[in-house]
Colleague: 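Before I ask anything, here is the structure I am working with.
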Amino acid sequence: MERQTCDVAIIGAGPAGSVAAALLKRQGFDVCVLEKQHFPRFVIGESLLPHCMEFIEAAGFLPAVEAEPGFQFKNGAAFTWGNRYTEIDFTDKFSNGPGTTFQVRRDRFDQILIEEAAKQGVDVRFGDSVTAFDTEAACLTVETERGENYILQAKFVLDASGYGRVLPRLLDLDTPSDLPPRQAHFTHIDDNISDSEFDRNKILISTHPQYRDVWLWLIPFADNRCSIGVVGLPERFENMENSEQIVKRYAAEVPMLARVLANANWDNEMPFRCITGYSANVKALYGKHFALLGNAAEFLDPVFSSGVTIAMHSAKLACDVLGKQLRGEEADWETEFVQPLMSGVDAFRTYVNGWYDGRFQDVIYADEQRTPEITRMISAILAGYAWDTDNPYVAKSERRLAALAETVGPAEFR
């Protein structure tokens, strides 16, 4: 079997893989990206957070991303429940860093990132699947789409395979998530929105009037399209025939969505899709000659659009540690990768759990009872700055959320 070599092999050409590839290439390493699929390909996770822009810029991708006319400018998040409506402005936040970003069709976004990485000299191979991994030798067995096999010998492997979770499956690293197995049903629509109260510069998150553990996203793009989806426990969707019926029914039951989507065209070429039990966890984030990035390691929930942010943040941390290791310097994956990465993931987890148990919803919908400073701290977290431990709502997330929820009290439906 043919044997090839590189410094770093990266599995997956999504945002984590593209950012990692570019950052390592800029450090002078020989990088090879293996991607099973061909781009463009559909994927959700379409509403970026401002913190992402720091990694996009560091990887050299920012000019290409800013030049894409189909990406929708984004400066915050809006929330609605019954007749309630509140906005969070990401430009008015506690943490330093960008306050704006984009809402993107991921097929085009991911393609731009990996094409920019290739322009920088990264070896990108589409249609190549990893079928085995020898951790002792850092060897990947790769099968091409033509059925040919070869060995890729690397000094280190980064798994950025997302939901494919290549190394967790091959190395039996998967472990059950502590989050319930929710479902997401979604599609794209021609929104035809003319309502002046709708802000295309923000993702709209809607709490269902009856079931507070069910929520919907509406992510506007720049071409009269929106991504729309509904998330909830499987039992909430029982006795409904399919994803189309589920999304349309729940959207019609949310007053603001029913109003702004009154002229929407649901019958375009986009199918309705469903993913189930998407939350994931692993036994270890790294091992001999490998580390796991982004969704290949852990995925929480789509409610605050944290997936791409966590993926890119993990890529930056891993590349910093790996660069030192490959240069023969002292590198500690536990203290320089796992601990700092999980500090932000755990902060996000606090607010995800708080959303579903109602405490964080109470805080969001009690906007008139929040001080401006507390709102700026919350804005920073929702903008992706969940690693800023100077923010008390990051450093002591559980304690602070519990105290704030008790102070504002339960939000009343109206």
Side-chain angles (χ1 to χ4, degrees), residues 15 45-58 61-62 65-66 68 71-81 84-106 109 197-207 215-222 226-227 256 300-313 316 344-345 347-352 354-355 360-361 363-368 370-395 397 400-401 404:
E46 300 146 322
S47 194
L48 305 181
L49 301 183
H51 185 38
C52 292
M53 305 307 290
E54 296 182 298
F55 307 118
I56 291 171
E57 183 174 20
F61 302 158
L62 187 58
V65 170
E66 290 181 331
E68 171 53 49
F71 295 165
Q72 171 66 47
F73 176 82
K74 176 186 175 185
N75 61 13
F79 299 83
T80 185
W81 180 38
R84 289 179 177 271
Y85 178 82
T86 187
E87 295 182 345
I88 299 292
D89 180 0
F90 291 163
T91 67
D92 184 18
K93 61 183 180 358
F94 176 86
S95 304
N96 294 324
T100 64
T101 184
F102 296 98
Q103 299 182 137
V104 301
R105 287 191 180 182
R106 284 286 302 280
F109 178 73
E197 293 185 14
F198 180 71
D199 186 351
R200 295 194 78 89
N201 295 335
K202 295 176 175 62
I203 181 176
L204 177 63
I205 297 174
S206 304
T207 300
W215 64 276
L216 299 93
W217 76 71
L218 189 66
I219 301 171
F221 305 127
C226 275
S227 171
M256 185 171 182
L300 295 175
D301 191 271
V303 63
F304 302 127
S305 307
S306 63
V308 174
T309 301
I310 292 173
M312 289 186 174
H313 197 106
K316 175 63 166 62
V345 173
F348 272 127
R349 190 192 315 275
T350 294
Y351 296 97
V352 168
W355 178 265
F360 194 45
Q361 289 190 41
V363 169
I364 290 294
Y365 293 122
D367 53 318
E368 66 276 5
R370 294 192 311 266
T371 68
E373 185 63 12
I374 289 175
T375 298
R376 294 181 70 246
M377 292 175 182
I378 292 171
S379 175
I381 295 167
L382 294 179
Y385 298 96
W387 291 267
D388 180 8
T389 53
D390 289 336
N391 185 342
Y393 284 84
V394 170
S397 59
R400 288 282 184 162
L401 175 59
L404 183 56

Colleague: Looking at every heavy atom in both Glu54 and Gly97, which two are closest together, and how far apart are they?
Modeller: OE2-CA, 4.1 Å
Colleague: Measure the shortest side-chain to side-chain distance between Tyr85 and Leu204 over non-hydrogen atoms and say whether it is less than 4.5 angstrom.
Modeller: yes
Colleague: Run the salt bridge (Lys or Arg N to Asp or Glu O under 4.0 Å) test against Asp199 and tell me which residues pass, sequence neighbours left out.
Modeller: Lys202
Colleague: Nearest 0.5 Å, please: how far is CD1 in Ile374 from CE in Met377?
Modeller: 7.0 Å
Colleague: Which word best sums up how the rings of Trp215 and Trp217 line up, parallel for under 30°, tilted for 30 to 60°, or perpendicular for over 60°?
Modeller: tilted
Colleague: Side chains of Tyr385 and Asp390: closer than 4.5 Å at any heavy-atom pair?
Modeller: no
Colleague: Would you mind reporting whether Phe360 and Ile378 have side-chain heavy atoms less than 4.5 Å apart?
Modeller: yes
Colleague: Which residues pass the ring-ring contact (aromatic ring centres under 6.0 Å, His included) test with Phe198, not counting sequence neighbours?
Modeller: none
Colleague: Given Thr350 and Ile381, is the side chain to side chain contact (heavy atoms under 4.5 Å, CB included) satisfied, shown in steps?
Modeller: CA-CA 11 Å; Thr350 294; Ile381 295 167; over 6 Å; no
Colleague: Could you list the residues that satisfy side chain to side chain contact (heavy atoms under 4.5 Å, CB included) with Ala58, not counting sequence neighbours?
Modeller: Leu23
Colleague: Is there side-chain contact between Phe94 and Glu373, with at least one heavy-atom pair below 4.5 Å?
Modeller: yes
Colleague: Between the side chain of Arg106 and the main-chain N/O of Gly45, is any donor-acceptor distance below 3.5 Å?
Modeller: yes
Colleague: Sequence neighbours left out, what passes ring-ring contact (aromatic ring centres under 6.0 Å, His included) with Phe79? Give chain and number order.
Modeller: Trp355
Colleague: If you look at every heavy atom in Gly384 and Thr309, which pair is closest and at what distance?
Modeller: O-CG2, 4.0 Å
Colleague: My understanding is that only residues two or more places apart in sequence, or in another chain, count here; which of them pass salt bridge (Lys or Arg N to Asp or Glu O under 4.0 Å) with Glu57?
Modeller: none
Colleague: Minimum heavy-atom separation for Pro15 and Met312, please, with both atom names.
Modeller: CB-CE, 3.8 Å
Colleague: Considering residues at least two apart in sequence or located in another chain, which fulfil the side chain to side chain contact (heavy atoms under 4.5 Å, CB included) criterion with Thr375?
Modeller: Ile88, Arg370
Colleague: Are Leu49 and Val308 side-chain neighbours, meaning at least one heavy-atom pair lies under 4.5 Å?
Modeller: no
Colleague: Does Tyr393 have any ring-ring contact (aromatic ring centres under 6.0 Å, His included) partners at least two apart in sequence or in another chain, and if so, which?
Modeller: none
Colleague: Can you name the side chain to side chain contact (heavy atoms under 4.5 Å, CB included) partners of Ala386, sequence neighbours left out?
Modeller: Ala347, Phe348
Colleague: Just do the side chain to side chain contact (heavy atoms under 4.5 Å, CB included) check on Val363 and Tyr351 with the steps written out, would you?
Modeller: CA-CA 11 Å; Val363 169; Tyr351 296 97; over 6 Å; no
Colleague: With sequence neighbours excluded, give me every salt bridge (Lys or Arg N to Asp or Glu O under 4.0 Å) pair touching residues 71-81.
Modeller: none
Colleague: With a 4.5 Å limit on heavy-atom distance, are the side chains of Val65 and Leu48 in contact?
Modeller: no
Colleague: Nearest 0.5 Å, what's the OG1-CG distance between Thr91 and Asn201?
Modeller: 11.0 Å
Colleague: Can you list the residues that meet the side chain to side chain contact (heavy atoms under 4.5 Å, CB included) rule with Asp92, with sequence neighbours excluded?
Modeller: Asp89, Arg376
Colleague: Side chain of Arg200, backbone of Phe221: donor and acceptor closer than 3.5 Å?
Modeller: yes
Colleague: Restricting to ring-ring contact (aromatic ring centres under 6.0 Å, His included), what partner residues turn up for Tyr365, sequence neighbours left out?
Modeller: Trp81
Colleague: Roughly how far apart are Met53 CE and Phe61 CZ, rounded to 0.5 Å?
Modeller: 12.0 Å
Colleague: Between Gln103 and Ser227, is there a side-chain heavy-atom distance shorter than 4.5 Å?
Modeller: no
Colleague: Looking only at non-hydrogen atoms, find the nearest pair between Ala383 and Lys93 and report the distance.
Modeller: CB-CD, 4.2 Å
Colleague: Report the C-alpha distance between Phe109 and Ile56 in whole Å, list the side-chain angles of each, state the deciding distance to 0.1 Å, and finish with yes or no for side chain to side chain contact (heavy atoms under 4.5 Å, CB included).
Modeller: CA-CA 11 Å; Phe109 178 73; Ile56 291 171; 4.0 Å; yes
Colleague: Tell me every residue that passes side-chain hydrogen bond (donor to acceptor under 3.5 Å, both in side chains) with Ser306, counting only those two or more places apart in sequence or in another chain.
Modeller: none
Colleague: Please round to the nearest 0.5 Å and tell me the distance separating atom CG of Asp388 and atom NE2 of His51.
Modeller: 9.5 Å
Colleague: Between atom CZ of Arg84 and atom CD1 of Ile364, what is the distance when rounded to the nearest 0.5 Å?
Modeller: 12.0 Å
Colleague: I'd like to check Phe90 versus Pro98 (side-chain heavy atoms, cut-off strictly below 4.5 Å). Are they in contact?
Modeller: no
